Amino acid sequence: MDSIYRGYPRQSVPNPLQRLVNRAQAPTHPETRPAGMLPLANPNHGGYNPVRNLSHRVWSKSALGLAGLLWVSFWPEWSAATEFNTLQPAQSTLLFAYKQMNVPMEGRFKTFGIHLHFDPAKPAQGKAVLDAPIASLDTGSDEANDEVGNAAWFNSKKYPMAHFESTTIQPLGGNRYEVSGPLTIKGHTRLVSTPVTVVIQGNRAVFDGSFAIRRADFSVGEGTWADFGTVANDIQIKFHLVTTP
Amino acid sequence: MTSGAQSPNTHYTATAKGLHWFMALGLIGLFALGLYMADLHLSPWKLKLYSWHKWAGVSLFLLALVRLFWRLTHRPPELPGHMRFLERWLAHLGHAVLYLLLFAIPLSGWLMSSAKGVQTVYFGLWPIPDLLPKDKVLGDTLHEVHETLNWILALVVSGHALVALKHHFVDHDAVLRRMLPGISGKNQG
Ligand code: HEM
Ligand code: HEM
């Protein structure tokens with residue numbers, strides 16, 4: 001069994017079953033997926049938060065049951081020790097910047113889950129799947145946090161997740177890549193691409209990038225909020241992802 | 001301003017009167033706006049009012065600087081001779097507290113906005129640097145400071161206005177008249 005951990009010391013793998021759950025294929029419709037289905041990275045709590053809600057706990061249990069099967073099917077891939085697939089939530093951030101009455105504002109996702117396959121030797125074959133629960137969105141003010149879930153903003157009851165899935169990774173030279181794929185928010189899907197800089201430091205790979213979206217493309221902020229004079233249309237998404245093998 | 005230097009002890013200059021009454025109206029307006037907007041449910045209207053409140057508040061802060069400059073370069077008229085020692089002392093104290101609040105209130109607003117992480121962009125054009133890093137607890141405390149200072153202002157101004165009216169209607173002295181617009185102090189004794 002120890003050969004499974006080839007390339008990384010045992011203590012750096014806190015929960016191998018968890019990591020297999022991590023790699024389980026996600027359903028394709030993010031809006032139908034229960035909140036908290038992905039392992040959720042919560043920087044506040046310094047790691048994976050297993051009991052975000054009940055549905056997640058139940059799901060985890062059945063997933064653990066499946067894990068034995070998945071173990072076998074995934075193990076050849078696991079033996080490739082150079083992949084950086086495990087998100088370090090405490091050091092990673094997913095931020096968004098916007099303007100409100102021309103005042104620069106910044107918010108973040110307190111929690112997000114990501115499946116990552118990145119082998120520096122074969123970058124184009126990499127894959128990134130990101131899920132961010134709307135419920136974990138922190139606008140920076142309590143008043144606005146109470147508001148973002150409602151129908152005019154994200155309608156989080158119906159669309160609990162923001163979802164991105166990479167389809168192509170193009171090398172831009174050096175350690176820069178262009179990652180493209182569909183981004184789904186509030187039931188609207190738009191193709192986005194973002195430059196990503198990858199820095200490998202020892203056993204960590206750090207991914208940095210930012211790209212712009214327009215909230216109107218996703219019907220985020222409807223009705224009285226549709227006017228861009230108060231909350232601007234342009235939203236800058238910034239990510240800083242620290243990963244280990 | 002030169003007129004003030006010529007007859008310093010009888011009247012307030014047009015500059016002083018203009019600043020006094022413009023700022024009094026502005027402060028009363030901002031006070032009402034502050035109370036109104038803070039109770040609103042979050043909406044674009046509320047966000048607009050907050051910005052307008054902050055822009056107007058910064059403007060009043062700048063006027064307070066002008067007013068302080070006026071005060072340091074001019075001598076206000078003497079208090080009437082009938083006032084007793086304690087009354088004179090209270091009048092000076094009251095005016096000093098009012099001057100203090102003219103600075104402390106907008107400063108507390110600016111600090112609060114910094115701590116709440118909502119920068120002040122003057123008229124939506126000129127960003128004013130944040131004095132504090134974002135800190136929720138500090139932001140809430142500064143909100144209370146801003147609010148409390150405002151209620152102190154309301155109290156002191158009420159007393160100030162009542163005393164001014166008393167000077168006019170009870171003491172029949174020139175204290176109110178020499179601050180009123182249209183009555184030129186230059187021509188008065
Ligand atoms: C100079 C005159 C000012 C006056 C008379 C004034 C008065 C007030 C009053 C009465 C409130 C309501 C407090 C409450 O009940 O919650 C308020 C709230 C507020 N003021 Fe001011 N203010 C002034 C300047 C400023 C400045 C310069 C700023 C910022 C740059 C500012 C920022 C705010 C903010 C953000 C609130 C809302 C706090 C909240 O609801 O979270 N104010 N102000
Ligand atoms: C927000 C409202 C107000 C503020 C902040 C304010 C502030 C001040 C200050 C700081 C002074 C002293 C000027 C100096 O000698 O350097 C002053 C003088 C004066 N204020 Fe006000 N004031 C306000 C409203 C009023 C109102 C409503 C009245 C009248 C009903 C009034 C009547 C006067 C008079 C008559 C003087 C001249 C006192 C004297 O001759 O010694 N003020 N005010």
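In what follows, chains carry the letters A, B, and so on, assigned in the order in which the sequence lines appear, proteins first and then strands, with residues in each chain numbered from 1. Everything quoted here is computed from the prediction, not taken from an experiment.
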**Prompt:** Side chain, backbone, both or neither: which part of B/Lys54 has an atom under 4.5 Å from a heavy atom of chain A?
**Reply:** neither
**Asked** Is there a donor-acceptor pair under 3.5 Å between the side chain of B/Lys134 and the backbone N or O of A/Gly140?
**Response** yes
Can you tell me how far the [atom1] atom of [X] sits from the [atom2] atom of [Y], to the nearest 0.5 Å?
| X | Y | atom1 | atom2 | result |
| --- | --- | --- | --- | --- |
| B/Leu42 | A/Asp146 | CG | CG | 9.0 Å |
| B/Tyr50 | A/Gln100 | OH | CD | 11.0 Å |
| B/Trp45 | A/Thr224 | CH2 | OG1 | 13.0 Å |

**Request:** Pick whichever of A/Met105, A/Glu106, A/Glu143, A/Lys99 has the most heavy-atom pairs under 4.5 Å with chain B.
**Result:**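 Sorted descending by pairs with chain B, the first entry is A/Glu143.
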**Asked** Is it the side chain or the backbone of A/Ala144 that comes within 4.5 Å of chain B heavy atoms, both, or neither?
**Response** both
Neighbour count >12 (heavy atoms, 6.0 Å) for atom [atom1], [X]:
| X | atom1 | value |
| --- | --- | --- |
| B/Arg88 | CZ | yes |
| B/Glu144 | CD | no |
| B/Phe22 | CZ | no |

For residues [X] and [Y], determine if any side-chain heavy atom of one lies less than 4.5 Å from a side-chain heavy atom of the other.
| X | Y | value |
| --- | --- | --- |
| A/Asn102 | B/Pro127 | no |
| B/Lys116 | A/Ser141 | no |
| B/Leu47 | A/Trp225 | yes |

